Amino acid sequence: MARLQVAYICAQQQILYLKASNLSMKSSIKWAEENLHSLTSEAVGKENLDAKISSLNREILKLEEQITHMKDKILPAVVKENAQLLNMPVVKGDFDLQIAKQDCYTARQELVLNQLIKQKASFELVQLSYEIELRRHWDTYRQLENLVQHLSQRKVVLCQQLATLTDPSASEQLNSRTPINTKDYSTHRLYQLLEGDNKKKELFITHEHLEEVAEKLKQDLSQIQDQLAISTQEQFFFLSKLNNDVDMLCDALYHGGNQLLLCDQELMEHVHRVESKLNKLNHLLTDILADVKTKRKILATNKLHQVERELYVYFFKDADYLKDVVENLENQSKIKT
């Protein structure tokens with residue numbers, strides 16, 4: 001700034017000197033032209049010319065004094081003041097630059113602050129989700145610990161039961177008529193599997209009863225196997241008979257040749273008879289089914305018909321029981337009368 005001020009002062013002084021010299025030259029030329037014109041137009045005396053020259057010299061001295069005064073005192077102060085005024089745009093520009101930099105820094109700080117706020121919010125959200133997940137894992141861990149403890153206890157109990165069952169001395173002491181413990185879930189489950197769909201439930205389950213159910217299941221299995229063998233044998237006989245019937249039908253249709261005889265009158269008559277009988281059978285079946293449905297509806301709505309049906313069933317299946325029922329009813333009617 002000092003160098004700029006010095007350069008500005010020097011430049012202004014030179015400009016002022018040049019302007020002053022230029023103006024002095026112009027004024028001198030103008031004065032010379034005017035005086036030359038007056039000298040040519042009028043005859044001036046020597047005395048008047050000397051007086052005029054002396055007055056002009058005095059004016060020149062006064063002007064030189066004023067110029068030196070202005071040059072030495074007024075002009076440097078004005079130039080210096082103007083030089084000081086030169087600092088204002090530079091300082092203003094510097095301040096504007098600093099303000100622009102400060103605004104840029106503030107904008108960057110706000111951007112960084114917003115990013116930090118977002119990161120903090122996301123971090124808090126992640127931390128909260130982590131805490132929730134950690135709590136869930138702790139709950140799962142506690143449940144698994146409880147489950148492990150329960151399983152270990154059950155393992156100890158099962159090992160004790162297994163040791164008791166495998167011990168021959170303890171198995172000899174067990175009484176088959178003693179009821180099974182209610183906490184013995186495996187034996188109860190085995191009894192349910194062996195019992196099946198039996199609606200008659202026993203109040204106390206004993207080992208003897210369990211053996212009876214197992215023996216009954218074994219007998220039922222042997223019976224079912226025998227029935228299966230019989231049914232397979234019957235099926236084999238039925239298939240062989242069916243094959244023989246098919247062979248007979250082929251002999252009747254082809255008569256030993258390769259061409260099918262479809263115009264046999266006897267065969268067509270038999271087929272028509274069979275079709276008519278099948279149609280009659282279908283009609284009879286539909287009538288029977290409709291009659292059965294109507295009778296079932298009547299039985300479902302009428303209790304008297306239900307009683308009659310039970311009596312008819314007893315008549316066909318258990319005549320003695322029907323006789324006892326009728327006698328009891330007769331005795332009750334006699335008592336009432």
Side-chain angles (χ1 to χ4, degrees), residues 151 154-253 274 277-278 280-282 284-293 295-296 299-300 306 308-325:
L151 289 175
R154 290 293 303 160
K155 182 180 178 182
V156 171
V157 173
L158 290 174
C159 290
Q160 291 177 359
Q161 292 179 358
L162 184 63
T164 305
L165 292 173
T166 53
D167 192 2
S169 62
S171 62
E172 290 177 358
Q173 293 177 0
L174 289 174
N175 191 2
S176 61
R177 295 185 180 274
T178 56
I180 298 171
N181 191 4
T182 56
K183 294 183 179 180
D184 194 356
Y185 297 107
S186 59
T187 309
H188 281 275
R189 183 61 182 162
L190 179 61
Y191 177 76
Q192 290 177 1
L193 291 172
L194 293 174
E195 191 179 20
D197 296 332
N198 189 8
K199 295 181 180 180
K200 187 179 179 181
K201 301 294 182 181
E202 296 290 336
L203 185 60
F204 297 104
I205 301 171
T206 59
H207 292 86
E208 185 179 3
H209 193 194
L210 188 64
E211 291 177 358
E212 290 177 358
V213 174
E215 188 66 27
K216 184 179 178 182
L217 183 63
K218 184 178 179 181
Q219 292 176 1
D220 294 337
L221 181 62
S222 62
Q223 291 177 3
I224 290 169
Q225 288 177 354
D226 295 337
Q227 290 177 2
L228 184 62
I230 293 168
S231 63
T232 52
Q233 190 176 4
E234 289 178 355
Q235 187 177 6
F236 178 75
F237 289 149
F238 179 74
L239 287 173
S240 61
K241 185 178 179 182
L242 184 62
N243 290 324
N244 294 325
D245 292 337
V246 169
D247 293 335
M248 291 174 64
L249 181 61
C250 290
D251 292 335
L253 289 174
V274 170
K277 289 181 179 179
L278 286 173
K280 289 179 181 179
L281 182 61
N282 287 325
L284 289 172
L285 287 174
T286 53
D287 293 336
I288 289 168
L289 289 173
D291 191 11
V292 167
K293 287 181 179 179
K295 287 181 178 180
R296 283 181 178 176
L299 285 173
Q306 291 178 3
E308 289 180 355
R309 182 178 178 280
E310 289 178 357
L311 292 174
Y312 280 119
V313 170
Y314 293 146
F315 178 76
F316 286 107
K317 288 187 175 181
D318 195 354
D320 297 330
Y321 183 72
L322 179 62
K323 184 177 179 182
D324 294 334
V325 170

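Everything quoted here is computed from the prediction, not taken from an experiment.
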Applying salt bridge (charged side-chain N to carboxylate O under 4.0 Å, His left out) to Lys323 and not counting sequence neighbours gives none
Test of understanding: with salt bridge (charged side-chain N to carboxylate O under 4.0 Å, His left out), list the residues that count as partners of Asp287, not counting sequence neighbours. none
Residue list, side chain to side chain contact (heavy atoms under 4.5 Å, CB included) with Val274, at least two apart or on another chain: Leu278
Hey, what do you get for CG (Leu158) to CG (Leu151), rounding to the nearest 0.5 Å? 10.0 Å
CG/Leu285 to NZ/Lys280 distance, rounded to the nearest 0.5 angstrom? 14.0 Å
When the side chains of residues 222-232 are checked against the rest of the protein, which donor-acceptor pairs come out under 3.5 Å, sequence neighbours left out?
from, atom 1, to, atom 2, distance (Å)
Ser222, OG, Gln219, O, 2.6
Ser231, OG, Gln227, O, 3.2
Ser231, OG, Leu228, O, 2.7
Thr232, OG1, Leu228, O, 3.0
Thr232, OG1, Ala229, O, 2.5

Identify all side-chain donor-acceptor contacts of residues 235-243 below 3.5 Å with residues at least two apart in sequence or on another chain.
from, atom 1, to, atom 2, distance (Å)
Ser240, OG, Phe236, O, 3.3
Ser240, OG, Phe237, O, 2.6
Asn243, ND2, Leu239, O, 3.0

